[in-house]
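This report concerns only the one structure given below.
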Amino acid sequence: MASKSEAEFGKLADEAGLPANIKKYFKVRGVNSIALFAALADKPEELNEAILDPLQKGFEVERGNTVKIEQLDLPIVRAKFRVLWRECAKREGLASLPSTAAAPVPAATSSAGSSKSSKELPPGWWQMKIAEYESVVVAGAHRKFPQEMLLGAESVLARMVNEMKTLQHTAVGLQEFVQARFFNAAGEPNPLNSARKKSRQGLTVLTVNEENQLEAEPDAPWYPKSSLAFIDCLESIRFAYLLVGIGKEQAVDVYVDWWIRQVRSRQQKLDQLRVYWEVTSWKIAIALRTKIPFEDVTSDLMKDTQALQDAMAREIPIEKITKKFYRTNGEKIFAKTPEMNEKGKGKGKGKGKGRRFDDYRWQPYQSQGAWQGSWGSPWKQPGFGGYTQYGAYYQQQPNGGIILKPNPRWLAEEAKAQQLRERPRSRSRQRRQQRPARAQCDLILLSFFDGVGSALIICERICQEKDWQWRALVWETDEDLVKLTSDRFSNIEHRGDFDCDSVGKVIETLEQLDPRHEARIVIAGGPPCHDSSRIRQNPPGLQGEEGSKAMRFAEFVRELEATWNYPQAILVVENVVPKNKQDVRVLETKLSASAVVADASDLGVISRPRLWWSRIPWQEFSNRRDRPVDVRWSTYQGVPRASFVQPKDNLALYDLGGLQWPSNVTKKGETLPCLTTPSEDPCGRSAPKSYKGKADSQTQARWLNDGRQYAPWHYEEGNLFIVPETNALVMAPAEVKEQLQHLPKGWTASLPDKQRHRALANGWHLGVAKWFFILGLFAADPVTKVAALPSPSRELSPLGSRALEGMARLWESSPLLSGPGVPVLCEALDLSAIDDMNEHWAAAEFALHSDQTRPLLEPGLDQWLPLWKHWKPHLAEIRKGVAADVRTLVEEMQPEVDAWFQNLEPHVKLAYGSKTGTCTVKVPVIAKIAKMFGWQDDSLFQEMSSGFPLLGHINPGLGWRLRHDERYSDPVDLETFQADNFQYVQKKLKQARVDPFWQTMAEEIAADVKAGRMEGPFAAPSSWSKETVALPDYTHTAELLPAPSCHEHTCFAFSVQQVGSDGRRKVRRAEDWRRSGSNKTVNVPDTPAYHSIEAFIAVIRALRHLGEEGAIATWGLDHESAYRQLPVLRPADTYVVLQTPRGPTLWRHRVLMFGSVARVWGYCRVADWMAWASRCLLLTPALHFVDDFGAPETCPEADTSFQYVQTVCSDFGFRFKQSKAQPPAQRQQLQGVSLTVHKDHVVVEATRDRVARLDNQILEALMEDRLTPTQAATLAGKLQFVAQSLFGQSSKASLRPLHQRAAAAYYRSSQTGWRLSPGLRSALEFLRFALAVQKPRKVLFKSEDRAIIYADAFFQLDGKVVKIGDAEDVHWGQTNPAAFCNGFGFVVKTGERVWYAAGSVPYWFLRHFCSRRAYIFVLEAIAQILPVLALQQWLPKQLLLFMDNEPSRRALVRGYGRDDSVNKLMQVAWRFFEEEEFRPEWQRVTSSANISDKVSRFDFADAENMGWTWLQHDWEAELLRLLNAVKEGPLRAKG
């Protein structure tokens, strides 16, 4: 029935002429039937409010796709909606349709009676229903109906009763009963009751509606903002349902209880739940109209988890507060809104004096979800005049206009502000100093929970550097701290508790401080962290008494920013990293900010990991070359972590007052633990559970002697300061703690001692905090706009201008980003902070596998996708126009290119010169296009013009992530390198070893000399011990060129042998830049970014997620010459010797060569620009893996993408190999991997040729029992792409020995022979086997289901049961762990069915994993693996597994651990997962919340009570098969 109803409604929408995006809007809103659309409204105005108004503001139907009706189209769309509405109402037989014709007037009595019956309960109905409810006896007593839950809401009940009779049901509003009733949940008078509110006010405010009629101002809408308020609404609806008899009592209780569980488990999604209630309430109403029982429709709603997940994923936009007044001194004053400017031109779109809300300071954070909209004017009422209650006079003019005269007080304030605005401005400091004090405010700080004034110190230092004037409003309740900051700062105003302040008063103060609205506003806050601290056993987080202050602070900021006339503030908010990561998301949403972790341990002295919410656009920041500091990214407990690149603290600069640093700092190089507050309890604090059993006896004694004032780890010997005279150990005094926090010494000296320590522990580390202020101000400054490049004369494109110019305008406000971007907070529901077992089990029902979440794209592709979707119908025309404009631009700039080419260095000219002598690579054109579209790396074009450096400092890539190792951070200085290299050359010349393939390499060098890429042969420098010879085999190499004047860096050529798929050897020339020491001079901070097969799959998934259901094709291109097309900076750095039978030959490069580390950075930066330009100019999702380019796209758009990428890049001078070009196809080969796109999935498999080549190389290494570091690096590089694309985690343990062998060249002698170790041989054998039996990997676009698996294990030690999650804290003794009594258990839920089982792992299995670490891991891993082995035929492919041992979880996720036997077990397990196409994901669960805990200890009472199914299985046989696979290896175990 549902599908037929939807089809009929869709047909009517088509007949009304509604486009597809409007129908999608209906679907998202849940309007999918004729009956529902007809019941939406009783008159056209209600229809406009329900359906049309959201479209005027813009409604996001899915991520990146917003439907918005422009003003020009509004009358037409409104008419289409009314046509559809009238037709739907007609079909449903509704008689109350509005009509322009006069309708017969019914009898007055019937009309009155009808109206009365729908608003009043029938006589005696209330008493009858109450008596009926209370007649039920429970536990020997009559139950009591809570009448106060509904008393006062009789009109709502009357409507429901009338709807039950007429079957004209409407939705029950979530807040209807709570707002109408007389009492609140506490039994007190209800402040939300409208009659009570009006009686309190004693006045009625008149406003003008959209029809220009006077009406009473409606009450401000109220929505539940807390879980308790939401549940109160649900409870009142429960009793209303029961009283009216809308369904069976059991069905009502089940449905409302289900909703309460959703609220409790999704407290950060209350806005989404509120909207979802409205949708489901209408679905219930429609079903009841068609006589579907309440229990049936609600049962279907509760099972529709996909609809719930979609609703939870949708962002609810922040609504602007539309009132134009604020309260001050008991009187309401009109706010100065953009509508009331002196020019009278509406919303300030002209060159008015005030700032608009699209001010540049809004721009940096638009991508973070800042609200959009404009202030609406309430003064549009013609036809009357008079005074408003605020003293403003309004009068209609004959032309329809309105004159509005504000009250005198407003006029006085506006006159003062106007005088300041009209005062001439001057840039000079002398003129600035003559201004009144109030006009000199450049920055205003709003500091909440101010404490010791850390934010004040930072702002003062910044303003001193910038020569700014600043003021601050401070909220702090501690009198001693208030006095501290008042004594230190004269330009601050203390305002006490922000809960007692008001938004209106704050705005009034801001108006006085900065009437021009020119100051930058900074909001800083550090809400109390006690309720989120991980030191507490069960921290309540945002639900706690102290934690809730953070929520109230966020609401205060939200209301403040929605009311004032300032741009969005610069925000800096700090707190501890909470156990519940959902608290992070809640505050992100409330503050419209993003959270990152920053830790003072980066400065090398003290650890202080803290969460920082800010509006810094981190993704855009990574692409800014003018950024004030570099940031290194990682993650911390799943949250992105920012490490600011700055010098570490100098310990010698600390004033320790005669103390010595703790030994952990001086001897071990560790950081001190984070400062903690002294205990509030005189008896001290207890040790955290995670620390129990870890303290030695001396630490324990010191902690107890000090009254357990601080966390026990502060009392460890290595963390205590030393008194030199006595070697006594002491805690850090307050003066030292101040310096540890980068505060001035003595800053808190005025505080009592204990409070001083508490304040310092609650304060910020200034060395970290300052960067959030600096970067916030940096992001708020406008980016210098680049003038648009005049496009060649041609016809207009669909962009409304010439194609190139129009495309540049698309990216003008937000230039396309490059690089992988910064990490993002994981979208998957994190349940790790839930400690209650039943709560965790209920919440897991809504946890999603990553395959069920939206695909994550790099920032540039995230920007590309919505533009591509919008312009998709015109892409062919746009791309054709852009390509033509680029070609014309190249032709017009040819004189400039020629002049540039003639001024190049000779070797650069030869690198870019064609056979005809003309320039091939048009760098001036490339630079101009880059500047036009906002590329941030100008140094790239300078190096393309002068050459790329190969030694010393190398410029980083744009948007690349910084390295975490120190491989290239400590380079050898060039003087030392030259001396070492000279000795190396003399040694090699003396050895005079001729490579067996020297002839092949000589032919290749001769060809490069002829092509201009190399030059030579050269005579040897006079300092060399051996003369060089020419290469007489070729005319152009038969004579020696003059020798270098002195020794220059030189390396030696050697052959690299590869085995092709046909079994033949192929020889390539390589140069020993590593052994010659050249690569040791390189200094580079980052790592090049590549696009693996996963990037292609992510784009394909994103297209499907966007609704693209048609065919998707992928194309591929290979860059011709690649890095051999790019010049070097200094050819003298590139000498190479080729040993021949006649003697050594000396050559020199003009272009980048194979073997140099620096050439990878140089070329990848150019390749990044090529992909970036393709995205900007042609809107194609170009990806690249080094010099292999490709893109997935819908058909036929992929065809034009493939065509014009080649055309445009060719015009720039970058050509692709036509012999290797791969036109768009649904099955495509990428780096030896075949990618096939289907409608609902992609298939990844290795090509036969690539498998054969890799197998030959592995077999050769196994037969020769030898693998050099160079060979290992080459093999690992080729296997990396294929293995990870196909095998996932099982390949990681096998690739690790290859990477270790490749790195061994840096610390092992080359004389070792490089024989295969047992581990390396085992890894090669496994990889060869995996390639031979590889099974195509299938990736689904949409996964409907996933299994939930809880597993746990234990063992007994000295008669005590030890859980695996607590095994790190035990003392093992001398017993072999394999002999311990143990047990495992698991609970598996899939669909509606739940299995459970338990068992023990026998000694004969465990004795093969004897180490303690291996024993713990194996027990935990067995508990995770066995349920999948036993239930594989019943399980879906997506698995969500919970385990309570974090080291084991990390090892399973990585695919390898520290123990060889463990690695073999993981290899077998992962191989099984991959062969059966399972996609497991592990989450951490606390031991107390692990529902399999009792099962693992053979306690099945709860499982039996819940009706779970016992899984009977032969576990010993399963373990035997598993052990054989581990012992024999997968190659033999397969058989």
Side-chain angles (χ1 to χ4, degrees), residues 62-65 367 619 623 807 810-811 814-821 854-876 878-879 882-883 933 935 958-959 1089-1117 1119 1167-1209 1214 1216 1221-1226 1228 1230-1231 1233 1235 1237 1242 1244 1339 1341:
E62 56 190 357
R63 184 175 176 85
N65 186 7
S367 62
Q619 305 291 7
N623 273 239
M807 192 60 67
L810 285 181
W811 299 107
S814 182
L816 183 69
L817 302 177
S818 178
R854 68 180 184 89
L856 292 178
L857 300 175
E858 64 181 51
L861 291 173
D862 253 341
Q863 292 174 278
W864 158 84
L865 190 58
L867 285 178
W868 178 90
K869 178 67 175 178
H870 180 79
W871 294 106
K872 180 186 173 187
H874 309 287
L875 280 179
I878 289 173
R879 287 169 175 170
V882 169
F933 282 83
W935 176 265
L958 185 62
Y1090 303 113
H1091 294 114
S1092 68
I1093 199 71
E1094 300 301 329
F1096 286 83
I1097 294 174
V1099 174
I1100 295 169
R1101 284 189 63 209
L1103 291 172
R1104 288 286 190 242
H1105 189 77
L1106 198 62
E1108 298 295 335
E1109 298 180 353
I1112 295 178
T1114 305
W1115 53 261
L1117 292 167
H1119 187 189
D1168 273 6
W1169 186 89
M1170 293 169 64
W1172 177 88
S1174 299
R1175 296 179 189 177
C1176 282
L1177 296 170
L1178 304 172
L1179 290 181
T1180 184
L1183 306 169
H1184 79 94
F1185 188 86
V1186 194
D1187 58 349
D1188 290 314
F1189 290 77
E1193 203 169 353
T1194 54
C1195 298
E1197 288 73 28
D1199 295 322
T1200 58
S1201 171
F1202 177 70
Q1203 175 186 352
Y1204 291 114
V1205 164
Q1206 294 181 82
T1207 301
V1208 170
C1209 287
F1214 303 121
F1216 297 99
Q1222 298 171 288
Q1226 290 179 261
Q1228 196 62 271
L1230 304 165
Q1231 287 287 307
V1233 174
L1235 179 68
V1237 185
V1242 295
V1244 184
V1339 181
F1341 296 141

Might you point out which heavy atoms bring [X] and [Y] nearest each other, and give the distance in Å?
X       : Y       : answer
Asp1168 : Ala1089 : OD1-O, 4.4 Å
Phe1216 : Leu1117 : CD2-CB, 3.6 Å
Cys1176 : Phe933  : CB-CD2, 3.8 Å
Asp862  : Leu857  : OD2-O, 3.7 Å
Thr1114 : Gln1228 : O-NE2, 2.6 Å
Phe1202 : Trp1115 : CD1-CB, 3.5 Å

Let me confirm one number: the [atom1]-[atom2] distance from [X] to [Y], rounded to the nearest 0.5 Å.
X       : Y       : atom1 : atom2 : value
Glu1094 : Leu1183 : CD    : CG    : 12.5 Å
Trp935  : Asn623  : CH2   : CG    : 7.5 Å
Arg1175 : Leu817  : CZ    : CG    : 10.0 Å
Ser1174 : Trp1169 : OG    : CH2   : 8.0 Å
Ile1112 : Phe1341 : CD1   : CZ    : 6.0 Å
Leu867  : Leu875  : CG    : CG    : 10.0 Å

Short question: side chain of [X], backbone of [Y] - any donor-acceptor pair under 3.5 Å?
X       : Y       : value
Arg879  : Leu1179 : yes
Thr1207 : Gln1203 : yes
Gln619  : Glu858  : no

task: For the residue pair Glu1193 and Trp868, confirm or rule out a side-chain donor-acceptor distance under 3.5 Å.
output: yes
message: Once you measure the plane-to-plane angle for His1184 and His1091, does it fall in the parallel (<30°), tilted (30-60°) or perpendicular (>60°) bin?
response: perpendicular
Contacts table for residues 1097-1108: side-chain donor-acceptor under 3.5 angstrom, sequence neighbours left out:
from	atom 1	to	atom 2	distance (Å)
Arg1101	NH2	Asp851	O	3.3
Arg1101	NH2	Thr853	O	2.9
Arg1104	NE	Lys1239	O	2.9
Arg1104	NH1	Glu1108	O	2.6
Arg1104	NH1	Gly1110	O	2.6
Arg1104	NH2	Gly1110	O	3.2
Arg1104	NH2	His1238	O	3.2
Glu1108	OE1	Lys872	NZ	2.5
Glu1108	OE2	Lys869	NZ	2.9
Glu1108	OE2	Lys872	NZ	3.4

message: Between Phe1185 and Leu1230, is the side-chain contact (heavy atoms from CB on, under 4.5 Å) condition met? List the steps.
response: CA-CA 9 Å; Phe1185 188 86; Leu1230 304 165; over 6 Å; no
- prompt: Can you tell if the side chain of Leu958 reaches within under 4.5 Å of the side chain of Trp1172, non-hydrogen atoms only?
  reply: no
